[in-house]
Q: 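Supplied in structure tokens, the structure appears directly below.
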Amino acid sequence: MPSFRGVRTRVLLIAALIAVTTTVTGGSLLIIRDRIHQHVSQELSDDLTHSLATLQNLQQQRRDALIHENALLADQSSLKALMTTHDQRTIQDGAVRFWKVSGSDLFALADPFGRVLTVYTKGKPSSPVLEQSLQQTMTRSGEHYLIADGRLFDFSARPLYFGEEGQGTLLGYVVTGYVIDRNVVNLISRATGNEVTFLAGAEIMASTLPPRLQQELLGKNQTLAQVAGGRTKEILLGGEQFLGTEADLSAEAARPLRLVVLKSFAQANRVVQDTNRVVLLLGVAAIVLGSLLMLVLSGFVTQPLEMLAQGVRAFGFGDHSRALPSDGTREVRELSAAFARMRSEIINTNRALLESEKLVTIGRMASSVSHDLRHYLASVYANAEFLSSPCLSEQERREFFADIHIAVHGATELLESLLIFSKTGAVYHRERNSMLRIVEKCVSLLRAHPEAEGVSIRIECADPSGAYALVDAKQMQRAIYNLLLNACQAAHKAEGAREVHVSIATSEKTITLTITDSGPGVAEHIRNSLFEPFVSDGKHSGTGLGLTLANSVAKEHGGAVTLLSTQPGETIFRLSLYTDFTGGVTNTIQDQPETSSPKAGGILL
């Protein structure tokens, strides 16, 4: 029986559904993530641009406040009086009071030529470097950022006049400012929700970033320099993604100065992850629900198909009563109805063929048997008529009686062959018998047969003690006898040596009889129908049932008779059967020709 190991239709349908749903879900996740990322990037870019403008506005407002504060200080008559002393020590001592009143992080007074007379700063005292940097900055118009001593100041300078501004005498300048440190950028960051950093060249002056991220930011200084002019760029700091932009403040400071604003993607990424999670859950739910639905639908589709397939297989094994599906899809119902019609037509056609074959077989049997029966009956009739003569001697009577006995025995053998041909294995009585003894008995019977006269029969058995099998000794003897008789008939036609060789081989579960003769070989035109009934070639007697009966008996014992090879001078038949076969389904043993065999010949039937 062939083994069908293909994939079931239901499995294919469910696998296809899962594959499609997984592909659609994965593609949706990629598309949604890309669209959200683009949308978020655009929103963050717009927000970053707006935040940068907001930061610049805040800086301008604080600068305007400084200018207004300086204007108030410059209008103080006491400060003007202090500046009229033109004594640096006096001015330094008197400036302390005005510094405290202003509350500024940076307070300085300069003479009319811009030379700094005194400088006060909060946090740590001023240094000559700070004074020198302030003096240089004041000589250049438009600069209001001071970078010195590792600090960044935003300052405003206001001239002091004796009299009306613009018409009076210039007494000097008053400078106030505030330091841009972490506190200031934190206030700015809270106002915009972004990370803020002031970069002076390769030095961070103030930043809201943690120290480790500040170092990474310095490493990406060149990358940030590419986003000037309001453009934005994605950068990675500490494993976190940011969108960054910057404003170049170098024109307002003595050194290159930039304001860097960063916007984190963390919140946006959380939104993307939440969206992906929802889409993934929907995809899983779709797979589960779709699989359940496909199970129901596939059962509706495939169950009738499976029932139809079972009906087809059963019909192939001869079961014509297996029910066929009457429900399912329209295509399945149409296919089932078509197969039912085909099955009915095949059954009717087979029945007609069987009836026809029976008639043909009966005709062939009558034609084949009638001649032999008439021959035997004529012999009996003639010899019986001779026996009725009173003139016969005792010796003649015995000879006529022997002829009658031979004719009766031949007719009996013919009728028994026909009965065996029509019987089944139910009449077989199997017992443990020696195949070697059965072969030896067949050979002894053949010694008296005219067709075996002058033929040398040789038996070979490698393991006599193991050549036992469960067989019906009488029927197996008849089968082997027919094979040996055919071999002797063929060897009798040989031009050279007339030999028949019987070899018995045993294995764990099988026994094999190989019969080789030295005859001219089997005619080519009957090789394909050799085991069919009433098939013979070149024989003037016999019914053509010898090989058919031998093969039938072998099959009833779970074996078979096969023609291994045939050629002039050597023809090999093999009978194979199981040693412990007790009935049931016949198992035909397929044998391969041996590479070498005893010298033999061919068979004419």
Side-chain angles (χ1 to χ4, degrees), residues 428 430-447 449 452 455-491 494 496-519 521-522 530-531 546-547 549-567 569-582 586-603:
Y428 283 68
R430 297 180 177 86
E431 294 180 353
R432 186 170 177 80
N433 290 281
S434 170
M435 295 298 295
L436 177 58
R437 291 182 181 177
I438 293 176
V439 172
E440 290 175 344
K441 187 173 182 180
C442 292
V443 171
S444 65
L445 292 174
L446 280 171
R447 300 294 185 188
H449 199 286
V455 177
S456 173
I457 303 176
R458 181 164 53 93
I459 303 174
E460 179 181 343
C461 182
D463 183 16
S465 61
Y468 282 83
L470 287 175
V471 296
D472 187 318
K474 182 178 180 181
Q475 302 303 335
M476 185 57 65
Q477 177 181 325
R478 186 177 298 276
I480 297 174
Y481 179 86
N482 286 338
L483 290 174
L484 290 175
L485 178 59
N486 278 332
C488 290
Q489 290 171 343
R498 300 175 180 180
E499 296 178 347
V500 173
H501 176 235
V502 183
S503 175
I504 304 175
T506 61
S507 64
E508 183 178 354
K509 294 184 178 180
T510 61
I511 291 182
T512 303
L513 274 70
T514 304
I515 301 173
T516 306
D517 65 71
S518 59
V522 179
L530 191 61
F531 296 100
L547 289 179
L549 292 175
N551 191 40
S552 177
V553 171
K555 286 184 176 181
E556 291 294 341
H557 288 79
V561 176
T562 55
L563 174 62
L564 295 184
S565 65
T566 180
Q567 60 184 358
E570 181 181 88
T571 295
I572 304 175
F573 278 88
R574 175 167 291 176
L575 185 151
S576 303
L577 64 148
Y578 286 102
T579 58
D580 56 353
F581 185 80
T582 58
T586 301
N587 298 313
T588 301
I589 301 175
Q590 301 295 334
D591 293 290
Q592 301 297 328
E594 295 178 348
T595 56
S596 63
S597 61
K599 184 179 179 183
I603 297 177

Q: With side chain to side chain contact (heavy atoms under 4.5 Å, CB included) as the test, pick out the partner of Gln477 among Asp472, Val553, Val471, Ile438.
A: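 For Gln477, the side chain to side chain contact (heavy atoms under 4.5 Å, CB included) test succeeds with only one of Asp472, Val553, Val471, Ile438, which is Ile438.
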Q: What's the spacing between Cys488 SG and Glu499 CD if we round to 0.5 Å?
A: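 Taking SG in Cys488 and CD in Glu499, the distance rounds to 12.0 Å.
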Q: Testing the basics here: between Thr516 and Glu570, what is the closest heavy-atom pair and its distance to 0.1 Å?
A: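 Nearest heavy atoms, Thr516 then Glu570: CG2-CG, 4.0 Å.
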Q: Does the side chain of Ile515 come within less than 4.5 Å of Leu575's, by heavy atoms?
A: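 No - every pair of side-chain heavy atoms lies 4.5 Å or more apart.
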Q: Once you round to the nearest 0.5 Å, how far does CG of Leu470 lie from CE of Met476?
A: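 Atom-to-atom, Leu470:CG and Met476:CE are 11.0 Å apart.
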Q: If you measure from OG1 on Thr514 to CG on Leu483, what distance do you get to the nearest 0.5 Å?
A: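 So the OG1 of Thr514 and the CG of Leu483 are separated by 11.0 Å.
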Q: Taking all atoms of both residues into account, what is the closest heavy-atom pair of Leu577 and Ala469, and its distance?
A: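 Result for this residue pair: CD1-CB, 4.4 Å.
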Q: To the closest 0.5 Å, what do you measure between NZ (Lys441) and OG (Ser434)?
A: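 Interatomic distance, Lys441 NZ to Ser434 OG, rounded to 0.5 Å: 12.5 Å.
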Q: On a heavy-atom basis, which atom in Tyr468 and which in Ile511 lie closest, and how many Å separate them?
A: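 Heavy atoms only, the tightest pair is O-CD1, 3.3 Å.
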Q: Might you point out which heavy atoms bring Thr566 and Val522 nearest each other, and give the distance in Å?
A: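 Scanning both residues completely, I find the closest heavy atoms to be OG1-N, 2.9 Å.
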Q: Donor-acceptor check, side chain of Thr512 to backbone of Ser576, threshold 3.5 angstrom: yes or no?
A: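 No: the side chain of Thr512 does not pair with the backbone of Ser576.
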Q: Return the CD to OG distance between Gln475 and Ser552, rounded to the nearest 0.5 Å.
A: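 So the CD of Gln475 and the OG of Ser552 are separated by 9.5 Å.
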Q: Give the minimum heavy-atom separation between Leu446 and Tyr481, together with the two atoms involved.
A: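 Result for this residue pair: CD2-CE1, 3.7 Å.
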Q: With side chains defined as the heavy atoms from C-beta onward, is the minimum distance between Met435 and Ile480 less than 4.5 Å?
A: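 Yes. Closest side-chain heavy atoms under 4.5 Å.
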Q: State the CZ-CD distance between Arg430 and Glu556, to the nearest 0.5 angstrom.
A: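 So the CZ of Arg430 and the CD of Glu556 are separated by 6.5 Å.
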Q: If every non-hydrogen atom of Glu440 is compared with every non-hydrogen atom of Ile459, which pair is closest and at what distance?
A: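 Glu440 and Ile459 have their closest heavy atoms at CG-CD1, 4.0 Å.
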Q: Are Phe573 and Asn486 packed together at the side-chain level, in the sense that at least one heavy-atom pair is separated by less than 4.5 angstrom?
A: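 Heavy-atom side-chain distance check fails, nothing below 4.5 Å.
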